[in-house]
Novice: 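This structure is in structure tokens; I'll ask about it shortly.
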Amino acid sequence: MKVPDTCQLRAEDMNELFAKLEQKYVIYAPVRIRGGGRYAKQDSILYKPVHRYEEIEYSERSTYPMKEVLTPITQTLFYFTEDEYRESKMREKKDILVFGRACDINSIKIQDQIYLKNGDIEDYFYKRIRDKVKFAVMECANEFDGCFCCSMGTNTTDMYSIAVSFGENINNVEVKDEEFKQYFRNYKLSDYKIKFPAENKLKVKFPVIEDLDMANKIKNHPMWDEFEDRCIGCGSCTTACSTCTCFETTDIVYTQNANVGERRRTCSSCMLENFDKVAGGSSFRKKVSERYRYKILHKVYGYNARFKDGPMCVGCGRCSARCPELISYPATLNKLYDAVEEIKKQGGVKDV
Ligand code: SF4
Ligand code: SF4
């Protein structure tokens, strides 16, 4: 019997499907945490393991991104004694299926570049979990405030095993991965094909900085000055960012024996004071406006200069949504676009 490529599943079918999938996979998806938000009575939406499809919060953007499944806020890499070490155990014994949107899945491509293709050595601890992960893309039925995936070209993806459109009673599923077809043998056929967003209300003029010469000129533009007063350097934007990967490593030694301990990797941020502090106490970006400029130029120029892979941003809008100072990243990009154009018009020379 030919296995259908697309199916319609009722709620009970979905939960039966989840039960079957859970034999092989831990299923992660955005889940609403009631009262878990930053302010009183505010919820948060985080990627968590789910067992039933009703647990998935698909009508709002998650507060924190998909990267937390692969790189938790803090994780122990290994334990050590005086003369040996032992690798930490993987949190998940099974393979992992993650439900997310096209922009979220595209953000993992950027994470892959940074952890796996940044030089000759792959990041071992990223790779050991990444090799276990497959994706289920969720159709965006409505767009969220501040999304601009269409401006970034991250509104579509082909990196998924199944695609799902959630409905009140009927859920449509497209099955792309041969390995998944076995789970769908008994469901009703449909002609569903995932629809990706074609346009966002918010449009961003993404600046293109072609070379180091232009990057150096834009560094000196006065547009960065306003952020010295506005940005408090809290790092919320980068923690919530789908594509940021800064972390710090810390050796924790146990109080009763300082030769025994564990090495942890913890999410950090280029926006934090002292993030770039070096031996001798010097720091490269003392002013918060310099750190903000660094963050933006890394996303717009530095990442692409290294990987030739486009911007380090998928237009998910989480950075602006999390900023307590209401600093808009898309507005910064538009200002930067205008500044780059201004410099180009002046023949590439701008000494300010
Ligand atoms: S910079 Fe902002 S919009 Fe871009 S990926 Fe990060 S959080 Fe999303
Ligand atoms: S831009 Fe906003 S979220 Fe990011 S460090 Fe500055 S104040 Fe914090």
Side-chain angles (χ1 to χ4, degrees), residues 30 38-39 45-47 60-68 70-71 100-114 140 143-155 157 197 200-207 223-246 267-276 285-304 307 309-337:
R38 179 158 54 183
Y39 304 112
I45 301 169
L46 308 177
Y47 277 84
E60 271 183 53
R61 174 176 50 216
S62 67
T63 317
Y64 288 106
M66 186 188 272
K67 71 179 180 188
E68 277 198 72
L70 289 110
T71 52
R101 294 164 203 287
C103 66
D104 298 321
I105 294 173
N106 280 309
S107 76
I108 301 300
K109 283 190 180 170
I110 293 173
Q111 299 272 332
D112 287 351
Q113 288 281 19
I114 294 168
C140 289
E143 84 171 88
F144 310 132
D145 255 7
C147 290
F148 54 100
C149 58
C150 297
S151 299
M152 304 307 299
T154 53
N155 49 327
T157 179
N200 307 123
K201 279 193 212 98
L202 177 62
K203 294 178 179 51
V204 170
K205 296 181 286 180
F206 198 84
M223 68 166 277
W224 307 110
D225 295 346
E226 69 168 283
F227 299 105
E228 191 58 26
D229 295 328
R230 294 184 64 200
C231 175
I232 56 173
C234 64
S236 278
C237 50
T238 52
T239 308
C241 175
S242 301
T243 60
C244 280
T245 52
C246 287
C267 168
S268 189
S269 169
C270 60
M271 291 306 303
L272 298 180
E273 199 179 2
N274 295 334
F275 177 74
D276 60 354
R285 294 179 286 275
K286 293 188 179 64
K287 290 164 67 181
V288 74
S289 55
E290 292 169 345
R291 299 199 289 278
Y292 186 77
R293 179 189 67 192
Y294 171 80
K295 181 190 82 164
I296 300 295
L297 290 183
H298 188 215
K299 291 190 173 297
V300 172
Y301 173 71
Y303 171 84
N304 186 47
F307 296 108
D309 187 41
M312 186 186 157
C313 172
V314 293
C316 67
R318 289 186 178 91
C319 50
S320 306
R322 288 302 289 168
C323 179
E325 298 297 305
L326 308 180
I327 294 173
S328 161
Y329 170 67
T332 305
L333 290 178
N334 286 335
K335 279 183 196 169
L336 182 56
Y337 179 94

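Numbering of ligands and ligand atoms starts at 1, following listing order. This is a predicted model, so every value here is computed, not measured.
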Novice: Show which atoms of ligand 2 fall inside a sub-4.0 Å distance from at least one heavy-atom site of P324.
Specialist: 3 (S)
Novice: Suppose we measure from atom 4 (Fe) of ligand 1 to each protein heavy atom; which comes out shortest, and what is that distance?
Specialist: C313 SG, 2.3 Å
Novice: Under 4.0 Å between a side-chain nitrogen and a carboxylate oxygen: does that hold for D276 and K286?
Specialist: no
Novice: Identify, by atom number and element, the atoms of ligand 2 in contact range of G235, meaning under 4.0 Å from any of its heavy atoms.
Specialist: 5 (S), 8 (Fe)
Novice: Measuring only between side-chain heavy atoms, which start at C-beta, is N155 closer than 4.5 Å to N200?
Specialist: no
Novice: Just wondering, do M152 and C313 contact through their side chains at under 4.5 Å, heavy atoms?
Specialist: yes
Novice: Starting from atom 2 (Fe) of ligand 1, which protein heavy atom do you reach first, and at what distance in Å?
Specialist: C319 SG, 2.3 Å
Novice: Within 45 degrees of the ring normal and closer than 6.0 Å to the centroid, is that where the cationic atom of R285 sits relative to Y294?
Specialist: yes
Novice: What are the atoms of ligand 1, with element, lying closer than 4.0 Å to any heavy atom of K299?
Specialist: 1 (S)
Novice: Please report the interatomic distance SG(C316) to CG(N106), rounded to the nearest 0.5 Å.
Specialist: 11.5 Å
Novice: So V204 and Y337, do their side chains get closer than 4.5 Å, heavy atoms only?
Specialist: no
Novice: Return the closest protein heavy atom for atom 7 (S) of ligand 2 as residue, atom name and distance.
Specialist: I232 N, 3.5 Å
Novice: Out of all atoms in ligand 1, which are within 4.0 Å of some heavy atom of F148? Include the element for each.
Specialist: 3 (S)
Novice: If you have a sec, work out which protein heavy atom is nearest atom 3 (S) of ligand 1 and how many Å separate them, to one decimal?
Specialist: G317 N, 3.3 Å
Novice: Kindly identify the option in A321, C103, C316, G315 whose heavy atom sits closest to atom 8 (Fe) of ligand 1.
Specialist: C316
Novice: State, with a plain yes or no, whether a side-chain heavy atom of C147 is found less than 4.5 Å away from one of R61.
Specialist: yes
Novice: So, does R322 sit close enough to ligand 2 that a heavy atom of it is under 4.0 Å from the ligand?
Specialist: no
Novice: Among C237, C241, S151, which one puts a heavy atom closest to atom 6 (Fe) of ligand 1?
Specialist: C241
Novice: Taking the side chain as every heavy atom from C-beta outward, state whether I114 and M312 have any atom pair closer than 4.5 Å.
Specialist: yes
Novice: In ligand 1, which numbered atoms sit nearer than 4.0 Å to a non-hydrogen atom of V314?
Specialist: 4 (Fe), 5 (S)
Novice: Check M152 against ligand 1 and report side chain, backbone, both or neither, counting heavy atoms closer than 4.0 Å.
Specialist: neither
Novice: Is it true that, when you exclude D145 itself, more than 12 heavy atoms of the residues, nucleotides or ligands shown sit nearer than 6.0 Å to its CG?
Specialist: no
Novice: Hey, which atoms in ligand 2 end up nearer than 4.0 Å to a heavy atom of E325?
Specialist: 7 (S)
Novice: Can you find a pair of side-chain heavy atoms, one from T245 and one from Q111, that are under 4.5 Å apart?
Specialist: yes
Novice: Checking only N/O/S atoms, does C323 have one that is under 2.8 Å from atom 8 (Fe) of ligand 2?
Specialist: no
